[in-house]
Number of protein chains: 4
Amino acid sequence: MAKSDAPPPRRQSIGAKRNPETAEAIRAAALEILHSEGYAGFSVEKVAKRARAGKPTIYRWWPSRAALLLDVYHLQKSGIEYPVTDDIEDDLVMYLQSLFAHWLDGPSGDIFRSIMAEAQVESSAREVFLEYVSTRRERLAEMLAAPRSGKKLAIEATRIADLTISYAWMRLLTQTLDVPEKDIRLSVRCILAGAQTSI
Amino acid sequence: MAKSDAPPPRRQSIGAKRNPETAEAIRAAALEILHSEGYAGFSVEKVAKRARAGKPTIYRWWPSRAALLLDVYHLQKSGIEYPVTDDIEDDLVMYLQSLFAHWLDGPSGDIFRSIMAEAQVESSAREVFLEYVSTRRERLAEMLAAPRSGKKLAIEATRIADLTISYAWMRLLTQTLDVPEKDIRLSVRCILAGAQTSI
Amino acid sequence: MAKSDAPPPRRQSIGAKRNPETAEAIRAAALEILHSEGYAGFSVEKVAKRARAGKPTIYRWWPSRAALLLDVYHLQKSGIEYPVTDDIEDDLVMYLQSLFAHWLDGPSGDIFRSIMAEAQVESSAREVFLEYVSTRRERLAEMLAAPRSGKKLAIEATRIADLTISYAWMRLLTQTLDVPEKDIRLSVRCILAGAQTSI
Amino acid sequence: MAKSDAPPPRRQSIGAKRNPETAEAIRAAALEILHSEGYAGFSVEKVAKRARAGKPTIYRWWPSRAALLLDVYHLQKSGIEYPVTDDIEDDLVMYLQSLFAHWLDGPSGDIFRSIMAEAQVESSAREVFLEYVSTRRERLAEMLAAPRSGKKLAIEATRIADLTISYAWMRLLTQTLDVPEKDIRLSVRCILAGAQTSI
DNA sequence: ACCTAAGCGAGACGGTACGTCTCGTCTTGCG
DNA sequence: CGCAAGACGAGACGTACCGTCTCGCTTAGGT
């Protein structure tokens, strides 16, 4: 995760079209600020300064703060695994552990919280947030519904997915992501308890 | 629910102690602004102007924007019941139903979302938010741990409380509070499934 | 004075040399903008857009805003009469009236004020401004010194010219060019009163 | 001309009323910037930074750049006399001499030219400028209309005032303030020639 | 019956950030 | 190589709130 902390060099126009280097520098600067100072310290002005870009250049391509936030967030929404083994409990625990680690490690947790906050202020942010949530939920439900030897879910996978996602969000929002595996497992067991039947 | 839309008269000191009328006017003004303009349009300055109060008066009693926000939420939150019958499932379903109805009916759902947003921006807000959440959690855990004839919880009540609260927040944040009782019951049953044992 | 208000067509390079049509279109656009929006609304960007020209094309031929302004101003400094009849008072009144009308009618008054403003920002503008003023002054002094039957000026013509020009500028700068002939005549009479002697 | 170049300390509110120290610091900063960088380098942002004041504080009391400029000019303008002796010609000569000396000595000449430039750019500045000019004109007319033994003006004092002011502006704008007293006297005599009658 | 102490309204203050504007430079791709 | 087009870094514009401060007024409670 080597981040270049050096001040970026001055870039210039490459003609009557968008300079991808500039766009990249702006996204990177936004990301770094969100990571180091959080949503509270995020401002277009700081992004511009850190990226060595003019404010109008940012507003030319991202119509608002929220748009920039959403763009940066899209960059980051990768890397989470959806494991499928024979033990569904293990799978869920592993999923949550990697998710929490992902949120804790990099800026993605902060970004996700930022999006949630921004969604309260800007309605455009809300739409994208809801749409993203829905795809995540479906993906997780898929994982849960995957066939496993000798067992099957007694209730809908989406319900389990909802409860799992709810639990993860709560941990994120209450800043309690640093949970020992035992605790995660107990909560997962609780969610799954009534949902499994042996064949 | 008579709301005074008239501009409040100027109040003055009633001596070396807090003027409850002032406090009330401030809370009311904050509520009205949140209701009519949402979190996006909420500012201490507007509250002061509408309540015909000085800004320092607000900051004297509420250390931050978030504290005021939370206080206003409390005003609205009065009607939530923590039922204790012999059936813990019924209790939880009833609790969630009344909570969802409360969030949907008035401005309290919006207010709670506002608080969550504010908690991402201001660390002081985060503390207040976390502390509030913790009391709610304990209160709910208490309800769950109440002695019921013939049954007791096999695991910690706080874990069940966490999962319940998580579920409620998720519904709030995804704007899906309008859930039929059957769905709530299924989710509650899922949470409680592994948590109960007969004596 | 028919000015084309239609948007000029797109021009292109005519090879490795300056396109005079382009230069003309730029001058014309600058003139129209100064006339319709005044110095306040004058910007190289607007000129480029109206002339359907690129900004660099403007900067290639006019090193600065001021240079363009001065060029445009040179285009306009014509058309004023310097009448010589037997009555010097009538002459001066007529001169001022036509000058005021000229300033009010077309863009030249605005341009003159613009040059004065620009001269405060750019020293190059100042030089040209001063040089222009000096030629105007000499031309007016010439008119005043022209032989008239039976009378001659008792003092230097340049002094009268200075006072006349001063009066005109003041009217221009205070936006009070719409003066009835009677007022002009009274002021002129005042200036001339001590300057004439019968033979 | 010892000017304090030290950065001013942070000031604070002194209650619900204007802090004169702040006003003074802002005026002083504006003056210094105008002196060192001229009108071209003048900006509200720089003034705020140098005065250690917030931009809104400046805009609270001076509705526009021009208003600040004019205020600063006032600071400098204090030393102009409106003499009233028995000889109106001497009075006007003395007035112009002291005015020219004042414009030449310090920054006030430059400031006044800046104001004239600003008035061409911003309509609000124009109003302020015109209003200021009108008071100066009246003040001068008053001086001219003052009763003097044995003589009275045959025409309106305001006309004489206008011509005098016009002359002074012209000298300022053409950078020819360094005029020998004889020249001033001749011009003044010219203006006054037809305006006086013995009793 | 004074006197201190605190609450209160009002609003100015130093700041930060907003989103917009124009400047003068730069590069592209067409002709 | 000229030209239209327009992106770019820079930085000022004027506005909205932030949270802190000081004022002058009002009332209550202690002496």
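Just so it is clear, the values below take in all heavy atoms, side chains as well, and ignore hydrogens, waters and symmetry mates.
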Closest-nucleotide 5' rank along DNA chain E - winner of A:V44 and C:S43: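 Result: A:V44.
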First encountered from the 5' end of DNA chain E, between D:Q12 and A:S64: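 First, find each residue's nearest nucleotide; the 5'-ward one identifies D:Q12.
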Cation-pi check, A:R18 onto A:W62 ring (under 6.0 Å, within 45° of axis): yes
Could you tell me whether the phosphate oxygens of [N], OP1 or OP2, come under 4.0 Å of any side-chain nitrogen or oxygen in [X]?
X     : N      : result
C:T57 : F:dC3  : no
B:S13 : E:dA6  : no
B:R11 : E:dG9  : yes
D:K17 : E:dC13 : no
A:W61 : F:dG6  : no

Nearest-Å distance for atom pair [atom1]/[atom2], residues [X] and [N]:
X     : N      : atom1 : atom2 : result
B:K49 : E:dG9  : NZ    : P     : 14 Å
B:N19 : F:dT26 : CG    : C1'   : 11 Å
D:I33 : F:dG11 : CD1   : P     : 15 Å
C:L68 : E:dT22 : CG    : C1'   : 15 Å
C:K46 : E:dC21 : NZ    : C1'   : 10 Å
B:K55 : F:dC21 : NZ    : C1'   : 11 Å
D:R65 : F:dA12 : CZ    : C1'   : 9 Å
D:I58 : F:dA12 : CD1   : P     : 13 Å

Ignoring the backbone of [X], work out which of [options] is nearest its side chain.
X     : options               : answer
B:R52 : F:dG9, E:dG9, F:dA10  : E:dG9
D:R60 : E:dC8, E:dT20, E:dA12 : E:dA12
A:T22 : F:dC8, E:dG19, F:dG6  : F:dC8

Residue met sooner reading DNA chain F from 5', once A:G54 and C:A48 are mapped to nucleotides: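 Its nearest nucleotide lies further toward 5', so the answer is C:A48.
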Of D:A16 and D:Y59, the one whose closest DNA chain F nucleotide lies more 5':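 Mapping each residue to its closest nucleotide by heavy atoms, the 5'-most match is D:Y59.
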Heavy-atom closest contact (C:E21 atom, C:N19 atom, distance):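 Closest pair (atom of C:E21, atom of C:N19, distance): N-OD1, 3.0 Å.
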Smallest separation among heavy atoms of D:L34 and D:L69, with atom names: CD1-CD1, 3.5 Å
Counting any heavy atom closer than 4.0 Å, what does [X] reach on the DNA or RNA strands: base, sugar-phosphate only, or nothing?
X     : value
B:W62 : nothing
B:A53 : sugar-phosphate
A:E45 : base

Aromatic ring pairing D:Y132/D:Y73, orientation class (parallel under 30°, perpendicular over 60°, tilted between): perpendicular
C:R65/C:E122 ion pair, N-O < 4.0 Å: no
From A:Q175 atom CD to B:R126 atom CZ, the distance as rounded to the nearest 0.5 Å: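 Here the rounded value is 4.0 Å.
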